[in-house]
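Take a look at the structure below.
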Amino acid sequence: MKVVTRFAPSPTGLLHIGGARTALFNYLYAKHHKGRYLLRIEDTDKERSTETSLKAIFDGLKWLGLSGDEPAIYQSKQINRHKEIANELAISDKAYFCYLSQLEMEKIRKRNKEQGKPFRSPWRDPSFNGDRQEKPVLRLRMPDEGHTIIQDLVQGNVRVLNKQLDDLVLMRSDESPTYMLAVVVDDHDMGITHILRGDDHLNNAIRQTKIYEALNWQPPVFAHIPLIHGSDGTKLSKRHGAIGIDAYKDMGFYPEAMINYLSRLGWSHGNDEYFSKDQAISWFNGNSIGRSPANFDMKKLITINAYWLRKESFESLHTQILAHQNLHENRQVSTKFKERLKILLPQLLKRTSMIGELASQLDYLVYDGRPKIESENCKFLTKQSCEVLKLFSEVIDLLPSDSTSFQAFINEWLVEQQLTMKDLGVPLRVVLTGSKNAPAIFDIIQSLGFDEVKTRINEICI
Ligand code: GLU
C-alpha cells in the first residue's frame, strides 16, 4: 500500500509550533515510506478563516520545506461532494433527518446525560411522527450495541462502547456539512492512508471511524500525538513561545534547526540530538513517538541552532553577516572584512548561537577605523589606560608577524613595563571593538592587523 499522509490546517490563526510539528511528522512518515504528503486547507469556517492566516501557513511551510507534494486542496471547494455523501447516507438509512428544535434537543441531551446515555433523537425511529416545522439536521445513526476500536500507532488500541457515542450531526440545518463529515470525505477522496495529528483529535477519530464504517470505506491508520507543553509542563501558550513559525524565522533560526528541533518534540531516534531532515526521513517509521507530552524548550532550540550555525560554510556566513549588518550610511565595508572574519570566525562561533546576534557584534570587523564605543565601556578608557595604549602603539611596528611570536613579544613587553595583561587587554579591546566582551585580544589583533590596531589606538587615544 502506498502511504499518503496529509496536513490539514484551518486558516484561522498562525502556523504554530504544534501545527508545524504535525506537518513535519506527516511529511517524515510519508517520505520514509516513499509515499505522498498532501496539504488540505480546512477553510469551511468562513468567519474565522483569513487570508493572512492562509499566507502565514503557506509561508511557514515553505520555509520549513514542508509544502505539499501537490497543490493544496481547499475543503470549502468540496462542499458539493460532502453534500452528495450526506445524501447517500440518508438514502441508505445510515443517517436520518432530525427536526428537533434547539430547545427540544437540549432537553433530551440533558436528560440522557443524567441517565448516562448518549444523545439519541426520536427521529431515529422512521415511524416517529413529530412536528416538521424546523429545518432538519442530518444525524449519523450510531449503533447502540458493540464497540468501536481504533488502532492507533501511538495510543495503541483505543476502544469505546458505541452506546457512549452521540448521534452526531453530519449536515447542519442550513445544509452545510460539519467538520466531521468533511474530514472523512476529503481524507477518503484524497486517498489518505495515515493521519498523524494532535491527540486532541482522538475523540474525533472514534466518531469519524463510525462515518467510515457507515460508508463502507476503509478508515486510515491514525497516530495521535500528545500535544506540546511549555517548559513548565503546562499546555503551550503564547507565554511559552507559542508564536507563529514566521517569528522564529525573523529571530534568525535556521529551518534546518527548526526541523531538527521539531522532530525531537515527541519523537526520538536513540540518543541522536543533531540530525538533518534526510536522516529523520530515513529513521521515521512511526515507532518511537512518545506517549507523554513533549515540553517546548527554547534553550534547546537555541542550542540546536548553534549546531546548524557552525555547519554553515564560511562563504555563506560571510554573505549572511553582510546581509544582516545594518550598513551605516557613508560607511564603506572594509576591503579587509572577509580576511578579518576568516581569522576570527572560529572564535566567534564558539560564543554565539544565532546569526543575527553574531552579525550585530561585528561592526568592528566590517568597517575600518574607530568602532562605536558602547557608553558603559567608556569608563575603561581612563587617562592612565590611554597612556598604556599609546605606549603600546609605539611598539606595534616592532611586533613579529607570526601569532605565537607576537603574543610572546607582547607578554615580554608587559613584564618590561611592569604592567599586567589586564592593564592592556581591557582598554585595548574597547578601543579595537567598542566592547569589552569580544574574543581573545590576540585573536582580535591578528584579525585586524597591526596597522589597523595602531590606527584605532591613535584615533581614540589622542
Ligand atoms: N483542521 C483541523 C485542525 O486544524 C485538523 C483536522 C485533522 O487533522 O483531522 O485542528
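Just so it is clear, the values below take in all heavy atoms, side chains as well, and ignore hydrogens, waters and symmetry mates. As the structure lists them, so they are numbered: ligands from 1, and atoms in each ligand from 1.
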- Decide whether the shortest distance between a heavy atom of Phe7 and an atom of ligand 1 is less than 4.0 Å.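 Flag not set, Phe7 not near ligand 1.
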
- Task: Find all atoms of ligand 1 within a distance of less than 4.0 Å from any non-hydrogen atom belonging to Glu42, and give their numbers and elements.
- Result: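 Atoms satisfying the 4.0 Å criterion: 1 (N), 2 (C), 5 (C), 6 (C).
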
- For ligand 1, which atoms sit closer than 4.0 Å to a heavy atom of Arg6?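 Listed by number with element: 7 (C), 8 (O), 9 (O).
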
Which residue and heavy atom of the protein sit nearest [atom], plus the separation:
| atom | value |
| --- | --- |
| atom 3 (C) of ligand 1 | Ser10 OG, 3.8 Å |
| atom 10 (O) of ligand 1 | His201 NE2, 3.1 Å |
| atom 9 (O) of ligand 1 | Arg197 NH1, 2.6 Å |

- Backbone or side chain, does any N or O of Ala8 fall under 3.5 Å from an N or O of ligand 1? yes

- Measuring from Leu170:CG to Tyr96:OH, what's the distance to the nearest 0.5 Å?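 It comes to 10.0 Å.
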
- Item | Euclidean distance, Met142 CE relative to Ile211 CD1, rounded to 0.5 Å | 7.0 Å

- Test applied, ring pair (Phe, Tyr, Trp, His ring centres under 6.0 Å); reference residue, Tyr261; option that passes from Tyr274, Phe296, Phe275: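 The passing option is Phe296.
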
- Message: Any carboxylate oxygen within less than 4.0 angstrom of a Lys/Arg side-chain nitrogen, looking at Arg36 and Glu70?
- Response: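 Looking at Glu70 together with Arg36, the answer is yes, because their closest N to O distance falls below 4.0 Å.
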
- Query: Looking only at side chains, do Tyr254 and Gln320 share a donor and an acceptor under 3.5 Å apart?
  - Reply: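 On atom types as modelled, these side chains qualify, holding a pair under 3.5 Å.
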
- Among Arg6, Arg40, Lys77, the one residue meeting salt bridge (charged side-chain N to carboxylate O under 4.0 Å, His left out) with Asp186: Arg40

